[in-house]
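Shown next, in structure tokens, is the structure this report addresses.
Naming convention: chains lettered A, B, ... in sequence-line order (proteins, then strands); numbering from 1 in each chain. Values below: all heavy atoms of this structure, side chains included; hydrogens, waters and symmetry mates excluded.
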Amino acid sequence: MICSNCQREIPDQPDPQQESCGACGGGCRKVHCPYCGYANPVVPGFLQRFARGGSNKEK
Amino acid sequence: MSNVVESEAGQRKVVLVGNPNVGKSVLFNALTGSYSVVSNYPGTSVEVLRGDATIAGQSYKVLDTPGMYSLLPITEEERVGRTILLTEAAEVVVHVLDARNIERMLPMTLQLIEAGLPVILAVNILDEAERLGMTIDIPLLSKRLGIPVVGAAFARKRGYDELCAAIAGYTGPAGRAFAYAADLEQDMARIAASMRGSYSLDRRALALLLLQKDEELTAQVATAEGAGFTAIETALREVIFDRRSDLHLTISMERRRLCRSLLDGVVVQSAGQGTSIADRLSDFSLNLWTGIPLLLLILYFVLYVFVGQFGAGTMVDFFEGYLFEEWINPFVIHLGNDYLPWHWLRELIVGEYGVFTLGVRYAVALIMPIVGTFFLAFSVLEDSGYFPRLALLVDRVFKRFGMSGRAVIPIVLGLGCDTMATMVTRTLETVRERIIATILLALAIPCSAQLGVIMGLLSEVPGALAVWTGVIVLIFIVIGLLSARLMPGEKPVFYMEVPPLRMPQLRNVLVKTLSRMHWYFFEIFPLFIIASVLLWAGKMTGGLKALVSLMEPTMHMLGLPNEAAAVFVFGFFRRDFGAAGLYDMQTSGMLSPIQLTVAAVTLTLFVPCVAQFLMMKKERGWSVSLSIFVFVTLTAFGVGALLNKLLIVTGFGL
């Protein structure tokens with residue numbers, strides 16, 4: 001996933017320490033960019049195939 | 001530190017490093033052919049590719065590392081990438097970068113060279129850079145960096161032979177050091193001089209990483225130094241205390257300055273080529289004199305025209321005024337009256353505060369069109385890369401409020417949802433900055449649905465929108481300035497890499513908009529239903545009437561009808577629920593232009609909704625969140641009462 005703000009790549013399987021933020025139990029449907037802190041929306045299952053079609057391809 | 005983790009006896013190693021999506025894997029495949037081994041790096045879930053290559057008759061083991069942006073790791077992938085660099089004793093490290101983003105990616109080359117690693121730089125995707133009008137003087141860059149540099153387009157087999165020749169003929173690191181600012185050099189020298197152990201990293205580079213509080217390396221140095229680590233620890237503590245600023249930011253800015261001077265004359269952008277419009281627009285958005293008018297234009301067209309007039313006007317008129325009022329509601333109410341035998345049940349489903357007539361109608365007919373248009377516009381701006389530019393643009397202004405440009409992220413996100421934005425304040429550098437941002441989010445940043453409804457309602461009353469905007473902006477400025485003056489604390493430093501400005505891509509915009517809509521519906525729909533059930537219970541038990549009576553003096557002070565108290569109660573459940581209540585009051589003709597303006601201002605400033613308050617409590621603790629709650633409530637009603645008096649006396653054309 002590419003961060004919508006800083007455009008850096010957020011790893012698909014985030015570090016377990018980053019799965020929830022602080023004391024938060026999660027469930028906010030956001031992926032927080034480890035580099036800039038931006039809250040990116042989690043792409044729901046039904047949109048993932050469509051979203052993958054637009055992912056960057058290796059040059 | 002151990003130098004070799006895995007024994008691949010006697011075999012020379014080539015390690016490929018670089019940002020994600022710069023062409024490392026294409027190069028890896030070209031070097032190793034089709035056969036490679038993918039395995040998790042020991043103790044992690046990060047995959048590392050290993051393969052064999054023969055270059056100029058010599059056999060090499062090639063490692064493709066996970067994408068990394070810096071030697072100072074943030075993600076597990078970057079930690080693994082760095083561990084490979086430090087422990088695999090590579091014969092050659094090939095840093096692959098994207099020629100189009102050379103200025104953003106070159107700081108990592110500097111880090112690798114400073115670390116004393118055997119670096120060859122591969123400037124990849126050169127064909128596309130040239131198509132965009134960029135010319136890169138590869139020999140000059142090589143001379144300035146003191147390492148072999150190869151221009152390449154690996155996907156088109158360009159530069160492959162040159163890279164192989166550079167690997168085969170590599171003679172070892174040149175030991176080049178780049179000069180940082182004098183005080184930073186002094187600090188590095190002091191830390192490096194305290195080290196006695198043997199390290200695979202250059203001591204100067206190690207000192208830089210220790211100054212940036214690299215925990216993993218600090219632990220390794222502590223083990224290597226033993227009792228001698230106390231001296232290093234003391235020196236580090238003294239330097240960090242003396243500087244009183246985030247050294248990571250200082251070092252990043254210094255490295256950026258070095259890269260700019262290294263690239264001066266190396267990269268030439270010809271005029272009139274494809275990127276020039278984007279570049280010019282990017283420069284406009286960053287310059288204070290052109291950036292502010294551009295921001296105002298964006299606010300006008302995005303918030304006022306698209307979200308306010310189209311979303312809250314045209315779309316809501318269709319969904320609420322036509323679909324629900326003329327077709328769906330009469331049908332459902334008719335069904336309820338015919339088939340629901342008990343009064344309480346009819347009230348619960350299709351009554352004044354019914355689950356359907358209030359909860360579903362508000363969520364679907366009023367809020368959905370507004371948040372939908374807002375999220376669409378937001379996704380277009382986001383995908384274009386405008387937000388980092390906005391952060392840099394307002395950095396100077398935000399500093400006066402005790403915050404940095406980094407606070408743009410929670411403030412902008414607050415326009416979507418203040419609760420989530422309150423959580424994001426934790427990414428701000430100082431405690432003071434976090435508290436100021438939390439206050440401003442609670443007080444003067446309306447969420448998208450609230451903003452859309454208010455814009456839609458006020459744009460129909462001449463002058464009302466100007467008064468509302470003036471008051472909210474004034475409160476934002478006054479409270480920001482006061483908070484910065486009254487609250488002691490460190491001044492934040494802000495630095496951010498600006499990604500390229502680009503044309504928003506339809507697929508990205510659609511995915512982001514629909515993902516946000518999906519999230520919003522999952523969150524708000526149940527809350528709207530719960531809120532309508534609570535209001536129904538309040539109506540049936542008389543609790544709501546008592547609460548409204550209790551608020552009568554306040555409503556009187558604001559010059560509002562008593563029924564407006566219910567809107568403020570709604571607003572405490574959710575901001576957008578309150579805005580929808582205001583919409584109902586206005587469309588029923590219960591408010592005069594002055595009352596509408598006062599209600600809109602007070603409701604915008606009014607206490608954050610329950611979810612935001614709970615998030616404030618989680619992030620800032622009871623005492624700070626309760627203080628903010630009391631302060632915001634008093635400010636909202638105080639400003640509302642003053643505005644009411646002012647508008648009655650002056651009229652302001654309302």
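Residue contact with chain A, scored on non-hydrogen atoms closer than 4.5 Å, involves the backbone and the side chain of B:Pro500 alike. Neither the backbone nor the side chain of B:Phe375 comes within less than 4.5 Å of any heavy atom in chain A. The part of B:Phe522 that comes within reach of chain A is its side chain, from C-beta onward, which places non-hydrogen atoms under 4.5 angstrom from that chain. Heavy-atom distances place both the backbone and the side chain of B:Leu514 under 4.5 Å from chain A. Looking at B:Leu506, there are no atoms closer than 4.5 Å to chain A (heavy atoms on both sides), in backbone or side chain. For B:Arg104, the part sitting under 4.5 Å from any heavy atom of chain A is the side chain, from C-beta outward, and nothing else.
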Between A:Val43 and B:His518, is the side chain to side chain contact (heavy atoms under 4.5 Å, CB included) condition met? List the steps. CA-CA 9 Å; A:Val43 178; B:His518 179 258; over 6 Å; no
Stepwise side chain to side chain contact (heavy atoms under 4.5 Å, CB included) check, A:Tyr38 with B:Val424: CA-CA 7 Å; A:Tyr38 193 76; B:Val424 174; over 6 Å; no
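Between atom CG of residue B:Asp383 and atom CD1 of residue A:Ile2 there is a gap of 11.0 Å, rounded to the nearest 0.5 Å. In this structure, B:Ile409 CD1 and A:Cys36 SG are separated by 4.5 Å, a value rounded to the nearest 0.5 Å. Note that CG of B:Leu390 is 10.0 Å distant from CG of A:Asn5, once rounded to the nearest 0.5 Å. Rounding to the nearest 0.5 angstrom, the gap separating the CG atom in A:Asn40 from the CZ atom in B:Arg516 is 7.5 Å. Taking CG from A:Leu47 and CG from B:Leu510, the interatomic distance works out to 9.0 Å, rounded to the nearest 0.5 Å.
Ranked by heavy-atom pairs shorter than 4.5 Å toward chain B, the options A:Gln48, A:Glu9, A:Arg8, A:Gln7 are led by A:Arg8. The candidate from B:Pro410, B:Ser515, B:Pro66, B:Ser70 with the greatest count of non-hydrogen atom pairs under 4.5 Å with chain A is B:Ser515.
Between A:Tyr35 and B:Tyr69, the ring planes are perpendicular. Angles over 60° get that label, and only those under 30° would be called parallel.
When all heavy atoms are compared, the tightest approach of A:Ala51 to B:Arg507 is O-CD, 4.2 Å.
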